[in-house]
Amino acid sequence: MDKGLEGPDFERAGSNFFQRRMLKGRILKGRIRPIELTKVASCLWRYIATNLGVAPEVFEQQFKDHPQGLRFNYYPPCLEADKVIGISPHSDASGFSILLQINDVQGLQIRKDGEWIAVSALPNALIVNLGDITEILSNGIYKSIEHRAMINTQHPRISLVAFHGPDNSLMLRPLPEVVGDGKLNYGSMSYQEFLKAVFNKKLEGKSVIEKLKL
Ligand SMILES: O=C(O)CCC(=O)C(=O)O
Ligand SMILES: [Fe+2]
């Protein structure tokens, strides 16, 4: 990683480092590349904006330059899989996260109406988890999804998650274009403060975003 960089530049350099590694990596060769993910993200932002009845570029502007954080998760198999959990319930502190189950072993579950539902993804499908930032910007019209990952008894599971976040300097608050004359449902907080709150806690459902609700 480059030395002497700070703040956004440091993180961008870090993300490029991983991107270069990924492009060289055997696992992803010919399947998916981060630059292509940026195009997917751009398209999704436009759909979200259109769906909310605001100008197509309104959301995308908050995520200009498309900062991405990448995480590989490796879950070893466990014969007593019902006694362990791969990753505890949480929502992502991103705009949205694009997830690929690299070896097509299922394990992701989402929480809907208090029930855990297993996600049964098609082979090679990209799974999109909406994150807390979209919930706040959309004034709660879109909700971030609480999710967790379970362990398989026989097979290791590998997932790759690309977290699409906003620019580091963003002040999180519902977008005026979305709120209009309606009620504001969330307070404001800098994205940096929000991340600090997330990383200072153990994974615990949607506890951080709940505190911002008015
Ligand atoms: O591995 C999975 O399916 C979920 C991973 C996840 O939620 C995360 O890395 O934030
Ligand atoms: Fe997650």
Side-chain angles (χ1 to χ4, degrees), residues 11 14-15 17-19 21-22 25 27-28 31-32 34 37-38 40-41 44-45 48 63 66-78 80-112 114-138 142-166 168 172 191 194-212:
E11 278 161 31
S15 135
F17 171 79
F18 283 113
Q19 290 183 11
R21 292 285 299 271
M22 279 178 63
I27 296 176
L28 293 175
R31 284 179 99 181
I32 182 163
L37 277 187
T38 300
V40 175
L44 286 173
W45 288 128
I48 286 173
F63 294 81
H66 298 281
Q68 281 179 49
L70 298 171
R71 178 151 77 206
F72 277 98
N73 297 300
Y74 175 77
Y75 307 96
C78 174
E80 297 194 276
D82 53 335
K83 296 205 176 93
V84 291
I85 193 152
I87 192 165
S88 302
H90 67 283
S91 54
D92 291 341
S94 59
F96 50 67
S97 313
I98 302 181
L99 186 148
L100 177 69
Q101 302 185 127
I102 289 183
N103 57 346
D104 284 326
V105 175
Q106 310 283 354
L108 178 66
Q109 296 189 345
I110 55 167
R111 193 170 176 137
K112 186 170 187 298
E115 301 281 317
W116 285 107
I117 299 172
V119 174
S120 175
L122 296 171
N124 289 332
L126 297 178
I127 300 166
V128 178
N129 284 329
L130 269 193
D132 293 337
I133 311 306
T134 304
E135 176 165 334
I136 297 166
L137 296 179
S138 74
Y142 278 101
K143 298 275 190 280
S144 62
I145 189 74
E146 192 177 343
H147 55 284
R148 65 183 185 182
M150 308 308 279
I151 298 283
N152 193 281
T153 48
Q154 309 293 326
H155 307 288
R157 175 169 180 269
I158 308 170
S159 68
L160 170 63
V161 192
F163 300 93
H164 288 254
N168 270 326
L172 293 178
Y191 175 53
F194 188 81
L195 283 185
K196 236 184 256 169
V198 169
F199 290 126
N200 280 337
K201 284 181 97 278
K202 62 182 172 115
L203 295 177
E204 214 168 40
K206 294 181 61 168
S207 56
V208 178
I209 193 173
E210 285 303 321
K211 292 212 177 86
L212 266 183

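Atoms within each ligand, like the ligands themselves, are counted from 1 in listed order. All residue numbers in this chain count up from 1 along the given sequence. Because the structure is predicted, anything quoted here is derived from the model rather than measured. The analysis underlying the following values was restricted to heavy atoms, covering all of them including side chains, and did not include hydrogens, waters or symmetry mates.
- Here the protein heavy atom with the shortest distance to atom 8 (C) of ligand 1 is R71 NH2, 3.2 Å.
- Taking every non-hydrogen atom of S159 and a distance limit under 4.0 Å, the qualifying atoms of ligand 1 come out as 1 (O), 2 (C).
- Within the listing of ligand 1, atoms 1 (O), 2 (C), 4 (C), 5 (C) sit less than 4.0 angstrom from a heavy atom of Y75.
- Counting heavy atoms closer than 4.0 Å to ligand 1, residue D92 contributes side-chain atoms (C-beta onward) but none from N, CA, C or O.
- Minimum heavy-atom separation, A121 to Q101: CB-NE2, 3.9 Å.
- Counting only heavy atoms from C-beta outward, the side chains of I209 and K143 never approach each other to under 4.5 Å.
- For ligand 1, the atoms sitting less than 4.0 Å from at least one non-hydrogen atom of L99 are 2 (C), 3 (O), 4 (C), numbered in the order shown with element in parentheses.
- Considering just the N/O/S atoms of H90, the one nearest the Fe ion (ligand 2) carries the name NE2.
- The aromatic rings of F96 and H164 lie tilted to each other, with the angle between the two planes from 30° to 60°.
- Using a non-hydrogen distance threshold of 4.0 Å, R148 does not register as a contact of ligand 1.
- Counting protein heavy atoms only, atom 3 (O) of ligand 1 is closest to R157 NH2, 2.7 Å.
- Using a 4.5 Å cut-off on side-chain heavy atoms (C-beta onward), L212 and D132 make no contact.
- Using modelled atom types, one side-chain atom of R157 and one backbone atom of V105 make a donor-acceptor pair closer than 3.5 Å.
- Closest of all the heavy-atom pairs between S159 and Y75 is OG-CE1, 3.9 Å.
- Contact between Q101 and ligand 1 is absent, with no heavy atom of the residue lying under 4.0 Å from the ligand.
- When the N, O or S atoms of H147 are ranked by distance to the Fe ion (ligand 2), NE2 comes first.
- Nearest heavy-atom pair, L195 versus A93, reported as atom, atom and distance to 0.1 Å: CD2-CB, 4.0 Å.
- Of the residues listed (R148, H147, K201), the one engaging H90 in a side-chain hydrogen bond (donor to acceptor under 3.5 Å, both in side chains) is H147, and it is the only one.
- Using a 4.5 Å cut-off on side-chain heavy atoms (C-beta onward), I48 and L130 make contact.
- The nearest heavy-atom contact from the protein to atom 5 (C) of ligand 1 is N73 ND2, 3.3 Å.
- Looking at D92, its N, O or S atom nearest to the Fe ion (ligand 2) turns out to be OD1.
- Taking a cut-off of under 4.0 Å to the non-hydrogen atoms of F163, the atoms of ligand 1 that pass are 9 (O), 10 (O).
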